[in-house]
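Note: hydrogens, waters and symmetry copies are ignored here, and every other heavy atom, side chains too, is used. Order of the sequence lines fixes the chain letters, A, B, ..., with proteins taken first and strands second; residue numbering starts at 1 for each chain. Computed from a prediction, not measured in an experiment: that's the story for all the values here.
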2 protein chains.
Amino acid sequence: MSDNPVPPAPFPPVGEGKRGTEGYLGYLLRQAATAYRQRVEKALADLGVTAPQFTVLTMLHAYPGLSGADLARTALVTPQTVSVILANLERAGLITRTPHAQHGRILMAALSPAGERLLALARARVHALDPVLKDDLSAPEEAVVRRWLARVAQMPG
Amino acid sequence: MSDNPVPPAPFPPVGEGKRGTEGYLGYLLRQAATAYRQRVEKALADLGVTAPQFTVLTMLHAYPGLSGADLARTALVTPQTVSVILANLERAGLITRTPHAQHGRILMAALSPAGERLLALARARVHALDPVLKDDLSAPEEAVVRRWLARVAQMPG
DNA sequence: AACATAATATCAGAGCTTTGATATGAGTGA
DNA sequence: TCACTCATATCAAAGCTCTGATATTATGTT
């Protein structure tokens with residue numbers, strides 16, 4: 001057995017040591033965001049809307065008339081990415097796009113009535129996840145987490 | 001002007017109110033992870049390796065011989081996703097895959113010499129980002145953030 | 001031994017995301 | 001006016017990610 005060419009593949013413990021709180025901050029951030037994104041996708045799945053679509057719908061509800069470029073800057077993604085999401089939302093009849101009055105090139109997006117209805121359902125599902133996300137953080141602890149997340153999001157690319 | 005069919009598109013302030021520390025925790029988490037992922041991709045771009053590939057290479061360096069299913073569970077993604085990443089890594093000559101001695105179906109992955117060399121370069125780049133990520137957190141604050149991220153990552157899907 | 005169950009791997013399709021390239025429109029300056 | 005620059009939008013290709021389906025291999029049950 002000792003000269004078996006195939007090593008026994010030591011199994012990494014989950015949530016301990018480098019796989020837990022001792023790991024790299026970036027690794028932890030990625031794992032947490034991945035887990036949360038999947039919970040959001042799961043909650044929205046039967047509504048036929050994806051997490052990125054929900055993000056765009058939410059932004060358009062808060063700020064009707066945003067252009068694709070505006071949305072891209074706000075969501076920290078490229079204009080090309082937003083273009084794909086907007087195309088899918090428009091095909092689903094959830095948004096409308098109208099040319100800007102003065103600026104001929106700009107397309108202003110806004111929720112359709114169907115989009116508003118769907119967003120109301122989606123918001124309830126996603127917001128129900130936030131208390132779980134809050135875990136057992138105390139108020140000062142939550143403030144620390146919020147401040148850190150906001151700073152990381154705003155760091156220069 | 002008041003009956004202009006095109007509203008003036010109020011511009012959302014960046015980093016304030018709902019777009020800052022007062023926003024939903026889930027929104028903040030997504031924004032922070034997106035911003036960090038893009039910084040990682042930027043740092044790795046000229047090495048020809050992506051962030052997900054770096055993650056898999058790192059795991060295989062720490063635990064040689066992991067199967068695709070093992071990697072999927074560790075990285076919190078589906079086996080199909082890992083399958084795509086492994087195919088690209090193998091095509092690039094960065095990993096090798098050998099059948100398990102007993103378990104005929106399992107393919108054990110490990111870094112090739114080229115993969116080890118590339119990972120060493122990539123690690124230096126990515127690890128250089130961690131101090132920046134640490135921002136100006138005090139030791140107790142960092143502990144709070146780490147504990148929260150680890151918990152969110154381990155919450156049931 | 002035969003069947004059922006579970007784990008592993010992969011194919012197919014859809015959507016998200018990036019970089020790079022292209023076209024259009026607005027504004028500025030020679 | 002013409003050219004230059006900038007912003008907006010989109011196409012194309014590559015990679016990541018998901019759900020759903022399929023094939024193969026072990027294992028456990030009868």
Rounded to whole angstrom units, what separation is found between the CZ atom of B:Arg39 and the P atom of C:dT17? 17 Å
Classify the nucleic acid contact of A:Val84 as base, sugar-phosphate or nothing, counting any heavy atom under 4.0 Å across all strands shown. base
Below 4.5 Å, heavy atoms only, C-beta onward: do B:Met155 and A:Asp135 meet side chain to side chain? yes
Any heavy-atom pair between the side chains of A:Val144 and A:Leu137 that's under 4.5 Å? no
Quick one: does B:Leu25's side chain get under 4.5 Å of B:Leu29's, heavy atoms only? no
Tell me what B:Thr50 touches on the nucleic acid: a base, only sugar-phosphate, or nothing, going by heavy atoms under 4.0 Å. sugar-phosphate
Should A:Arg73 and A:Leu66 count as side-chain neighbours, where that means a heavy-atom distance under 4.5 Å? no
Whether B:Gln31 side chain and A:Thr74 backbone form a donor-acceptor pair below 3.5 Å: yes
How many whole angstroms separate atom CD of B:Gln38 from atom C1' of D:dC16? 14 Å
Expressed in angstrom and rounded to an integer, what is the separation of A:Leu86 atom CG from D:dT10 atom P? 8 Å
What does the list of N/O pairs under 3.5 Å between the protein and nucleotides 5-9 of chain D look like, with a distance for each?
| residue | atom | partner | partner atom | Å |
| --- | --- | --- | --- | --- |
| D:dT8 | OP1 | A:Arg73 | NH2 | 3.4 |
| D:dT8 | OP2 | A:Arg73 | NH1 | 3.0 |
| D:dT8 | O2 | A:Arg105 | NE | 2.8 |
| D:dA9 | OP1 | A:Leu107 | N | 2.7 |
| D:dA9 | OP1 | A:Leu107 | O | 3.3 |
| D:dA9 | OP2 | A:Gly68 | N | 3.2 |
| D:dA9 | OP2 | A:Ala69 | N | 2.8 |

Take atom CG of A:Leu76 and atom P of C:dT18, then tell me their distance rounded to the nearest Å. 9 Å
What residues, two or more places apart in sequence or in another chain, satisfy side-chain contact (heavy atoms from CB on, under 4.5 Å) together with B:His127? A:Tyr24, B:Arg123
Whole angstrom is fine here: how far is it from CG in B:Leu89 over to P in D:dG15? 11 Å
When the distance from CZ of A:Phe54 to P of C:dC16 is rounded to whole Å, what number comes out? 14 Å
Check the phosphate of D:dC18 against B:Thr81, side-chain N and O only, distance under 4.0 Å to OP1 or OP2. Yes or no? yes
Separation of A:Glu41 atom CD from C:dT17 atom C1', in whole Å? 13 Å
Does a nitrogen or oxygen in the side chain of A:Asn88 sit under 4.0 Å from OP1 or OP2 of C:dC16? yes
Verify, without hydrogens or angle tests, whether A:Ser112 (side chain) and A:Leu94 (backbone) share a donor-acceptor contact under 3.5 angstrom. yes
For A:Gln102 and C:dA26, is the shortest distance between a side-chain N/O and OP1 or OP2 below 4.0 Å? no
Using modelled atom types only, decide if a donor and an acceptor are shared between the side chain of B:Arg146 and the backbone of A:Gly23 within a distance under 3.5 Å. yes
Just by modelled atom types, is the A:Pro79 backbone N or O under 3.5 Å from a matching donor or acceptor in the A:Ser83 side chain? no
Phosphate oxygens OP1/OP2 of C:dT17: is one of them under 4.0 Å from a side-chain N or O of A:Thr78? no
Report yes if a side-chain nitrogen or oxygen of B:Arg30 is closer than 4.0 Å to either non-bridging phosphate oxygen (OP1 or OP2) of C:dC16; otherwise report no. no
Identify the pairs formed between an N or O of the protein and an N or O of nucleotides 20-22 of chain C at a distance under 3.5 Å, and give each distance.
| residue | atom | partner | partner atom | Å |
| --- | --- | --- | --- | --- |
| C:dG20 | O6 | A:Gln80 | NE2 | 2.8 |

Note the angle between the end axes of the helix from C:dA1-D:dT30 to C:dA30-D:dT1, five pairs defining each, rounded to 10 degrees. 0°
Is the shortest heavy-atom distance from the side chain of A:Thr34 to the side chain of A:Arg30 under 4.5 Å? yes
Given atom CG of B:Leu44 and atom P of C:dT18, what is their separation to the nearest angstrom? 15 Å
Could you state the interatomic distance from CG (B:Leu149) to CG (A:Leu149), rounded to the nearest 0.5 Å? 7.0 Å
Go through the steps for B:Arg147 and A:Asp136 under the test side chain to side chain contact (heavy atoms under 4.5 Å, CB included), then give the verdict. CA-CA 11 Å; B:Arg147 183 173 63 86; A:Asp136 56 355; 3.6 Å; yes
Kindly write out the residues that satisfy side-chain contact (heavy atoms from CB on, under 4.5 Å) with A:Asp46, not counting sequence neighbours, or none if the list is empty. A:Arg125
Using only atom types and a distance under 3.5 Å, with no angle test, would you say the side chain of A:Gln53 pairs donor to acceptor with the backbone of A:Asn88? no
Stretch residues 109-118 of chain A: residues that reach within less than 4.0 Å of DNA chain D through a heavy atom: none
May I ask you to decide if A:Trp148's main-chain N or O and B:Glu141's side chain share a donor-acceptor pair within less than 3.5 Å? no
